[in-house]
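Single-structure report; data block below.
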Number of protein chains: 2
Amino acid sequence: MINKIQHSTNCGDCNCKTSIFKSLHPFELELINQARVQVNYKAGEIIFKQGTPSPHFVCVTSGLAKIYIEGYGKNLILALVKPVDYIFGPGIYVDNRHYYSASAVEDSSACLVDVNIFKKLIRENPDFADEFIKRVSLQSIFNFDQVISLTQKQMHGRIADVIFYLAEKIYCQNPFVMTISRQDLADLSGMSKESAIRILKEFREEGILSLQGNTLEILNIKQLRQISETG
Amino acid sequence: MINKIQHSTNCGDCNCKTSIFKSLHPFELELINQARVQVNYKAGEIIFKQGTPSPHFVCVTSGLAKIYIEGYGKNLILALVKPVDYIFGPGIYVDNRHYYSASAVEDSSACLVDVNIFKKLIRENPDFADEFIKRVSLQSIFNFDQVISLTQKQMHGRIADVIFYLAEKIYCQNPFVMTISRQDLADLSGMSKESAIRILKEFREEGILSLQGNTLEILNIKQLRQISETG
DNA sequence: CAATTAAATTGATATAAAACAACAAATGGG
DNA sequence: CCCATTTGTTGTTTTATATCAATTTAATTG
């Protein structure tokens, strides 16, 4: 099972896709490369748990992961993380604890790198620091949109938002295969699984999308956008 | 009207209260001091508007401000900002736009400082950068708690959370005078003004708190905590 | 200080969404 | 390949919460 997935053998080839690393010098990238540990996760396996110490940052190199807050009885998925993107929680600069959990949605692999190396590079390379802060800022902005969607739109609008998120940011194609479960869809849109399913059904009946098996196609983007905007 | 409020005449005295500035050298603080502009706002006045350019960061030196997202028909208050604390939105490292609005809740004054000075200091002083990132991280963690409260608790729990926020983080005393309106209370807890008022009334009737005029006292902290935790 | 406007309060009604329950379909391990 | 477990689906009921409407209180301002 090991080594079934093809990976780059160094960060210089792999992480070039992640904009934040573009400001690192080759020798700095090599520093990360030396320190990294690669791990494989089966679908459903937990990568790290909310509340536990956070000794490294995680770079997802294949598959799909979710980061989610374990709340009161249910989870809220903050984001899906696809290759090549990394998970770097806010606890690292606070108390070295995770403030959300992460698990693999699909069979995935990831590189783990000691956070101290990361923090060291931020101190030493201002361009990298700027990129990092920019990245954190983009995350914040995304979260703002998310919290407005969750608190001010009703279910139809929230599902519309999540479908756009999946099509545009995660799977990046229009007919796409939903590898996330209905429960995940519900946890992304802050509603019960039953409600999420029902709205998906409604959208299908109204010809807004087609859904056979787990292949979803947005048929009427304009109408779905409308639903997203009218809440 | 001008100069009625007493302020420090330099950042060295004033901002020492704000932990993020403690890592700045005196000459760096003086750089900020030279560049700052002080402004007074009357209650209700807008400090900046979501979507507009963001040329400076804002340090609230007296009064009380709110930062809020203008959503679909209603606002969501992200935080109240009291002296001496600053407002530094995520747009500054992205597109120099504000992603939320800010306005004065009480008569307030603030210092405005060119963001470029701030960004320059972050590049040049790694300790300051670390403090800044820590600060942004704490903000994120706060927002996580907030979004869980807003999306997974029902109204009683949300109001309880907001009351604790006011008592512990904003007014910092137990009988405290609520200088925010009921609408603000509603916008902090993501519900209608009417619902917020009704729950306040219930809490009063159950002896959990007293509320005469705008003076609120938590009488049964344990029970309020319980309500916060059971959602 | 009266007159006007804005903010707070209360009650009645409508509705969005969860919870519950029962069942179907798919998945995975022995 | 079959049984067991999970995941998905649908209908019904209940409940939390918004909306609407009416009234009271407080705050402004000429």
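Here is the naming used below: chain letters follow the sequence lines, and residue numbers restart at 1 for every chain.
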[X] with [Y]: basic N within carboxylate O range, under 4.0 Å:
X: A:Asp95; Y: B:Lys134; answer: no
X: B:Asp85; Y: B:Arg135; answer: yes
X: A:Asp187; Y: A:Lys74; answer: no
X: B:Arg182; Y: B:Glu194; answer: no
X: A:Arg225; Y: A:Glu168; answer: yes

Could you give the [atom1]-to-[atom2] distance, from [X] to [N], as a whole number of Å?
X: B:Arg182; N: C:dA7; atom1: CZ; atom2: P; value: 13 Å
X: A:Glu205; N: D:dT10; atom1: CD; atom2: P; value: 8 Å
X: B:Leu216; N: C:dA8; atom1: CG; atom2: C1'; value: 15 Å
X: A:Lys42; N: C:dT27; atom1: NZ; atom2: C1'; value: 16 Å
X: A:Gln152; N: C:dA16; atom1: CD; atom2: P; value: 17 Å
X: B:Asp187; N: C:dA8; atom1: CG; atom2: P; value: 11 Å
X: A:Leu200; N: D:dT7; atom1: CG; atom2: P; value: 17 Å
X: A:Leu211; N: D:dG8; atom1: CG; atom2: P; value: 11 Å

From the candidates C:dA8, D:dG8, C:dT10, the one with an atom nearest any side-chain atom of B:Lys193 is C:dA8
For B:Gly157, does its backbone N or O pair with a side-chain atom of B:Ser228 as donor and acceptor, under 3.5 Å? no
Reading nucleotides 12-30 of chain D from 5' to 3' and marking B where a protein heavy atom lies under 4.0 Å of the base, S where only the sugar-phosphate is that close, and - otherwise, the string is B---SSSBB----------
